[in-house]
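Chain letters run A, B, ... following the sequence lines, proteins first and then strands; every chain starts at 1.
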Protein chains: 2
Amino acid sequence: MPGIRLSTSPWWQARFRGCGYRWTLGREAILEVLSKSEEHLSAEDIYLRVHPKYPNIGLTTIYRTLDILTDMGLVWKFDFGDGRARYELIEGSKKMHHHHLICKGCNRIVDYTEFIEEEKELVKKMQNSLSKKYNFKITSHIIQFYGFCSKCDKQKD
Amino acid sequence: MPGIRLSTSPWWQARFRGCGYRWTLGREAILEVLSKSEEHLSAEDIYLRVHPKYPNIGLTTIYRTLDILTDMGLVWKFDFGDGRARYELIEGSKKMHHHHLICKGCNRIVDYTEFIEEEKELVKKMQNSLSKKYNFKITSHIIQFYGFCSKCDKQKD
DNA sequence: CTCTTAGTGGAAATGGTTTTCATTATTAAT
DNA sequence: ATTAATAATGAAAACCATTTCCACTAAGAG
Ligand SMILES: [Mn+2]
Ligand SMILES: [Mn+2]
Ligand SMILES: [Zn+2]
Ligand SMILES: [Zn+2]
């Protein structure tokens, strides 16, 4: 029944078409959710947020779309160790390049952007050197710090 | 049948006992395999290598032991994106602090140790600042570069 | 040696993700 | 607008790495 498309279709539509993909209601709905969230959503999280407005979109479609988005380089797929993949739009309106602090106790995730400039410099240097030495075309990197948040650190016997 | 223990039991035995764990045949076998490998083994990989010599040790024990080893900080648990966890002994005889290059095409993993000194410096600085700002007790970090190895880069469409 | 209980293996359960397949919807061509 | 070609979809089933269960075994303190 909800067959009417949003009048303002963001730039992803063109990006999808450019990659030879069709632009569908489901993909629009998923990107809508991703772009509005500041969190690190699981496939099911996204399904749950899409469902009220678009009850016909199945979990399978969520997974398939997330795969495509990850391949296209629009979305980051993370494993934070809680048994499900988590996704985050890369080029979210205001979201900038960042990395993560992960609590091994409660799985809380903190985005941080400190030292990004210094990091970028080092990463660029490493990337150049490593890609030559190991014949690798490097496309991205992750940096993650693991530890315990204040709450979890306290309650650790 | 194989009830005789190796005469030379490495230092892990003491480490295990110190943490209140018992020292068992299975744990010895698993550490033996891990310490002899330079690779990034899955639980099943380890099971397959333990099995010929110790056919009575089950996959369940492998998982349980790897959990303990990870908690104790003796083993790194990685997700390289191929659907199974991969493990690597941290304090392996000659193995030093290193990070990984991961091929998104064939999942080849390259260990690298370049720039470790510069990285250590930056990481230390970040760790200090981040742990204060976000009230996190940071215990470890990972850095991974993703891309395509020469083989996979060629055969890409 | 005896006793307590941590550790174990095999089978079954779990649960996130993928596959299958008949149906639907998008797109380009008419 | 209609049509044709086929990409995309949803529901159910399959998949499969990992976890749980539970009766049994063995480590190790006393
Ligand atoms: Mn983030
Ligand atoms: Mn390694
Ligand atoms: Zn926490
Ligand atoms: Zn490759």
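- Whole-Å rounding puts the Asp67(A) CG to dT18(C) C1' distance at 9 Å.
- The nearest whole Å value for the distance from the CG atom in Leu41(B) to the P atom in dA17(D) is 15 Å.
- Each of Asp45(A), Asp79(A), Asn107(A) was scored for a side-chain hydrogen bond (donor to acceptor under 3.5 Å, both in side chains) with Arg86(A), with one residue passing: Asp45(A).
- One atom, CG of Asp79(B), and another, C1' of dC16(D), lie 15 Å apart when rounded to the nearest Å.
- Ranking dT18(D), dT20(D), dT17(C) by closeness to the Thr60(B) side chain, first place goes to dT20(D).
- Here the shortest heavy-atom pairing between Ala29(A) and Ile57(A) reads CB-CD1, 4.1 Å.
- Of the two residues near DNA chain D, Gly58(A) and Ser42(B), the one whose nearest nucleotide lies more 5' is Gly58(A).
- Checking dA8(D), dT18(D), dT17(C) against the side-chain heavy atoms of Ala43(B) singles out dT18(D) as nearest.
- For His97(B) and His141(B), the ring centers are positioned less than 6.0 Å apart.
- Counting only heavy atoms from C-beta on, Arg84(B) has its side chain closest to dT18(D) among dT26(C), dT18(D), dG16(C).
- Looking at the side chain of Tyr63(A), the nearest of the listed nucleotides dT17(C), dT8(C), dT27(C) is dT17(C).
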Next item on the list: List the steps, then state whether side chain to side chain contact (heavy atoms under 4.5 Å, CB included) holds for Val75(B) with Ile90(B).
Entry: CA-CA 5 Å; Val75(B) 155; Ile90(B) 294 179; 5.5 Å; no
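- Rounding to whole angstrom units, OH of residue Tyr47(B) and C1' of dT8(C) are separated by 13 Å.
- Of the N and O atoms on the side chains of Tyr134(A) and Glu114(B), at least one donor lies less than 3.5 Å from an acceptor on the other residue.
- At distances below 3.5 Å, not a single donor-acceptor pair connects side-chain atoms of Ser37(B) with backbone N or O atoms of Leu34(B).
- Whole-Å rounding puts the Ile46(A) CD1 to dG16(C) C1' distance at 14 Å.
- Rounded to a whole Å, the CG atom of Asp82(B) is 10 Å from the P atom of dA17(D).
- Computed from coordinates, the Arg64(A) CZ to dT24(C) P distance equals 15 Å when rounded to whole Å.
- Using modelled atom types and a 3.5 Å distance limit, the side chains of Lys104(B) and Thr139(A) yield a donor-acceptor pair.
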What pairs of nitrogen or oxygen atoms, one from the protein and one from nucleotides 5-7 of chain D, lie under 3.5 Å apart?
residue: dT6(D); atom: O2; partner: Arg22(A); partner atom: NH1; Å: 3.4
residue: dT6(D); atom: O2; partner: Arg22(A); partner atom: NH2; Å: 3.4
residue: dA7(D); atom: O4'; partner: Arg22(A); partner atom: NE; Å: 3.3
residue: dA7(D); atom: O4'; partner: Arg22(A); partner atom: NH1; Å: 3.4
residue: dA7(D); atom: O4'; partner: Arg22(A); partner atom: NH2; Å: 3.1
residue: dA7(D); atom: N3; partner: Arg22(A); partner atom: NH1; Å: 3.3

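- One atom, CG of Leu59(B), and another, P of dA17(D), lie 10 Å apart when rounded to the nearest Å.
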